[in-house]
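Below: the structure, in structure tokens.
All values derive from a computational prediction rather than experimental measurement. So you know, we letter chains A, B, ... as the sequences are listed, proteins then strands, and number each from 1.
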Number of protein chains: 2
Amino acid sequence: MEEAGVVDSEEARFLEEYDAEAFDRPSVTVDLVILTASHYQLWALLLPRDAHPFKGAWALPGGFVGMNESLEDAAKRVLKDEAGLEEVFLEQLYTFGEPRRDPRTRVITVTYYALVDETQVVDALARKGLEPLVRLKTPWQGEAGGPVEAYEAGRQLELAFDHAEILGMAVKRIRGKVNYAPIGFQLLPPTFTLRQLQAVHETVLGQRLNKDSFRRRMLSSGELEATGEWETEVGHRPAELYRFKSLTAI
Amino acid sequence: MEEAGVVDSEEARFLEEYDAEAFDRPSVTVDLVILTASHYQLWALLLPRDAHPFKGAWALPGGFVGMNESLEDAAKRVLKDEAGLEEVFLEQLYTFGEPRRDPRTRVITVTYYALVDETQVVDALARKGLEPLVRLKTPWQGEAGGPVEAYEAGRQLELAFDHAEILGMAVKRIRGKVNYAPIGFQLLPPTFTLRQLQAVHETVLGQRLNKDSFRRRMLSSGELEATGEWETEVGHRPAELYRFKSLTAI
DNA sequence: AAAATAGTGTCTATGAGACACTATAGT
DNA sequence: ACTATAGTGTCTCATAGACACTATTTT
């Protein structure tokens, strides 16, 4: 804001005397919901905790916000350091701050969600030697909201802190967003078929969609561009590959 | 979360030794956008600052988050203490945390927006002897987003900190929400005519709506209930008064 | 040839906009 | 009587769903 530059001598004196230590202050962290879609399931990156509290439970990647670091920069730092990911879709989700959500001390966490295509995140995690992604199960329909369950190898995982609720908020958010914003392509490789795009939408929404009207809606949205190339080795008539125009415009 | 109750002796020892002072911590505040609609204009409560920084500029009501207070409780406290309002629609908006947004020190602010009907907020402010509401002007269409301008008595006001941006985010949010959620009634008295409801939608969206389809859409939404009463003294055929079903259900 | 999915064309149902018309208050 | 807005009925147009049909690949 340009008004911040308006500093007269009275204001300079005030700033010098201001005591930043006058109030108790909570810790502030960022936590990340890194989502991908595959095999008609949503998956998130969760890390097993090796320290108390919630030792052995699974937690979202996160970290403290540096004193001279913006919230978004902190989220990007965590995304890179903990998942090896850069240049992906990242958006603020919600801020959670119940006084007892962390038993150690007051921690307010600003959450972000990232959408990544499966091959990209699997490659990045393999380079870091990390655990595989965790499958999410959403025990509610539509945008009702609520906590989400997480599974690995068929077994339900215990989630640390209020992270089940945070994951639920992320699913609720993208379910709302997929209907009016082109976020499906964030979960796909650069070129993709309409059937792949429909599968991603169906995965996000947790329900089947009509093939005909989905095609018409996507093609008439003006967001897609045919590449003139077709998929290969698919055991049926190959579909044309498309790309998102807004991505090529960046 | 119920998992928080799982405390063995090892975890108890760990919690005792945990040093909450180990990291520098930012200040955390809540700031409130208290919105109302009247005369085809959006209005917000802004308070003139009598201290540095931004002395003389106008700021959103806000306050520090107490160490044992949830974010929503802090927002409700500010709403009551600074505007005299209780039991109104209140929802988290966004968290702003650029390192230099407050020149004194690092302040991260969790913003909330409240929707209040005009008579209610005018009465409440009058009881507190506060300045009148400030008129907002949104120099962008639809949900493009961006900062908002504020006017009082025809003169544009200087806004403190990043509050023009926060106001812009609030307008963007309700523009998106009014199309799929029944938030119009939050800005109206308990009973209202369809024309009043349309005026509120038009004010929020910043554009005129078709009368016929608006009536049909509202009546077929199942959210409205006719009261059997009609407005009076209006200089034309009086309209029936409606109320929102979801309000009576609470 | 069979299986599977891609892609096109057409019919129908639904909802929004446009418009015409009647109804009822205040002035 | 005139003005302004409420409220109803009908027509048209755009879009979603349903369905039928053809096209093209692998097995």
Separation of atom [atom1] in [X] from atom [atom2] in [N], rounded to whole Å:
| X | N | atom1 | atom2 | result |
| --- | --- | --- | --- | --- |
| A/Arg215 | D/dT15 | CZ | C1' | 17 Å |
| A/Asp212 | C/dT12 | CG | P | 16 Å |
| B/Glu229 | D/dA6 | CD | P | 18 Å |
| B/Gln207 | C/dA16 | CD | P | 15 Å |
| A/Glu231 | D/dT24 | CD | P | 15 Å |
| B/Gln198 | D/dT5 | CD | P | 12 Å |
| A/Phe214 | C/dG7 | CZ | C1' | 15 Å |
| A/Trp230 | C/dA4 | CH2 | P | 24 Å |

Within the pair A/Arg217 and D/dT15, is there a side-chain N or O less than 4.0 Å away from OP1 or OP2? no
Can you tell me how far the CZ atom of A/Arg243 sits from the CD atom of A/Glu223, to the nearest 0.5 Å? 14.5 Å
Record whether the side chain of B/Arg237 comes under 3.5 Å of the base of C/dA25 through a donor-acceptor pair of N or O atoms.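 Donor-acceptor pair under 3.5 Å: no.
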Under 3.5 Å, is there any donor-acceptor pair linking the side chain of A/Lys211 to the base of D/dG17?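 Answer no: no donor N or O sits under 3.5 Å from an acceptor.
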Can a salt bridge be assigned to the pair A/Arg77 and A/Glu82 using a cut-off of 4.0 Å between side-chain N and carboxylate O?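 No, this pair does not count.
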Residues B/Lys76 and B/Glu86 bridged, charged N to O under 4.0 Å: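 Result for this pair is no, no salt bridge flagged.
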Any heavy-atom pair between the side chains of A/Pro61 and A/Ile34 that's under 4.5 Å? yes
Kindly indicate whether a cation-pi arrangement holds for B/Arg195 with B/Phe214, taking the cut-offs as under 6.0 Å to the six-membered ring centre and within 45° of the axis.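 Cation-pi check for B/Arg195 and B/Phe214: fails.
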Given DNA chain D, 5'-ward residue of the pair A/Asn210 and B/Pro238, judged by closest heavy atom: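 Mapping each residue to its closest nucleotide by heavy atoms, the 5'-most match is B/Pro238.
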For A/Glu233 and for B/Arg195, find the nucleotide of DNA chain D with the closest heavy atom, then tell me which residue's nucleotide is more 5'. B/Arg195
Out of D/dG17, D/dT5, C/dT5, which nucleotide sits closest to the side chain of B/His236? D/dT5
Looking across every strand, which nucleic acid part, if any, lies under 4.0 Å from A/Arg216 by heavy atom: base, sugar-phosphate, or nothing? base
